[in-house]
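One is the number of the first residue; the rest follow in order along the sequence.
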Amino acid sequence: MIGDTRPSWHLHRYLLGSANLFEENRLLKFAILGMFGVSAVLGTVLYTSALNQRTVIVPFGAGGDLYVTGNEPSEAYLRTITRNIVSLSGTYSAYSADQQFQELLSLVHPSAYNGLRDSLNALLDELARNPTLSIASYVRTDQPVTYTGTEIVVPVEKVRVIGGVIRKFQGTLRIKYVIDNGRFWLTSLHEEHFNAGPR
């Protein structure tokens with residue numbers, strides 16, 4: 001109509017069958033670019049949140065800041081897991097060893113599982129031959145525990161009791177580990193330089 005001042009917003013370009021295909025293609029390209037932009041932003045947010053994800057594992061009776069952020073465990077977490085590993089691997093008797101070793105194996109990385117299981121089975125065989133044997137291990141307080149990103153070196157005292165005979169040994173327990181997806185995995189456990197201490 002002549003003199004009609006109502007806005008049309010150029011809708012005729014999209015309503016006519018043979019209208020401007022260039023405009024339709026431009027709108028489609030804009031929609032696709034928008035989807036790629038939103039996907040990139042969401043991917044970045046998910047990646048960042050995964051790196052900063054905090055897994056909190058609090059053993060019974062423990063306190064403090066026990067957490068793993070990304071692949072970085074807190075010092076309190078490492079201290080607690082160290083004492084737990086020393087207890088599970090170094091304090092046992094013929095009656096408690098099997099259950100304790102199973103719990104210890106639940107911390108072991110799949111790549112190291114078979115080797116550590118064989119070592120623990122050898123200890124179980126020794127306990128079967130000597131049912132009066134018992135071992136108690138303690139983290140020594142006169143020497144520091146050393147922590148790195150992949151290893152914990154713990155000064156340990158072991159008390160071995162068999163048939164009423166008590167012997168004490170001092171040495172080092174070397175714990176190798178990896179943090180994978182916020183989880184602590186034990187990869188290696190070695191006793192080093194254990195010598196009989198003074199009676």
Spacing of [atom1] belonging to [X] relative to [atom2] belonging to [Y], to within rounding of 0.5 Å:
X	Y	atom1	atom2	value
Ser134	Leu127	OG	CG	9.0 Å
Phe101	Ser106	CZ	OG	13.5 Å
Ile152	Arg174	CD1	CZ	11.5 Å
Ser119	Leu124	OG	CG	11.0 Å
Leu116	Leu107	CG	CG	10.0 Å
Glu103	Asp98	CD	CG	12.0 Å

Problem set entry | Salt-bridge criterion met for Arg140 and Glu157 (N-O under 4.0 Å) |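 So Arg140 does not pair with Glu157 through a salt bridge.
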Problem set entry | Lys/Arg-Asp/Glu bridge criterion (N-O < 4.0 Å) met for Lys158, Glu191 |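 Judged by the 4.0 Å cut-off on N to carboxylate O distance, Lys158 and Glu191 do form a salt bridge.
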Give a yes or no on whether [X] and [Y] share a hydrophobic cluster (residues Ile, Leu, Val, Met, Phe, Trp, Tyr; joining criterion: side-chain heavy atoms under 4.5 Å apart).
X	Y	answer
Trp185	Tyr113	no
Val178	Val153	no
Tyr138	Ile166	yes

Exercise. Between Phe184 and Tyr177, what is the ring plane arrangement, given parallel below 30°, perpendicular above 60°, and tilted in between?
Worked result: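 Parallel, since the angle between the ring planes stays under 30°.
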Quick one: does any side-chain atom of [X] pair with a main-chain N or O of [Y] as donor and acceptor, under 3.5 Å?
X	Y	answer
Thr82	Leu78	yes
Ser96	Ser93	yes
Thr91	Ser137	yes
Gln100	Leu88	yes
Ser87	Arg83	no

For this session: Can you establish whether the number of heavy atoms outside Gln99 located under 6.0 Å from its atom CD is more than 12?
Result: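 12 or below, so no.
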Problem set entry | side chain to side chain contact (heavy atoms under 4.5 Å, CB included) between Leu123 and Tyr92, worked out | CA-CA 10 Å; Leu123 287 176; Tyr92 54 84; 3.8 Å; yes
Taking all non-hydrogen atoms of both residues into account, name the closest pair between [X] and [Y] and its distance.
X	Y	result
Ile175	Ile85	CD1-CG2, 3.8 Å
Pro131	Ala128	CD-O, 4.0 Å
Leu104	Val108	O-CG2, 3.6 Å
Leu186	Lys176	CD1-O, 3.5 Å
Thr172	Phe194	O-CE1, 3.5 Å

Exercise. Does the side chain of Arg79 come within less than 4.5 Å of Glu75's, by heavy atoms?
Worked result: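 They are in side-chain contact.
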Exercise. Heavy-atom distance under 4.5 Å between the side chains of Leu189 and Ser89, does that happen here?
Worked result: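 Heavy-atom side-chain distance check passes, below 4.5 Å.
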For this session: Going by the side-chain contact (heavy atoms from CB on, under 4.5 Å) test, name the single residue among Val145, Val86, Val139 that passes it with Leu173.
Result: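 One option only clears the test, and that one is Val86.
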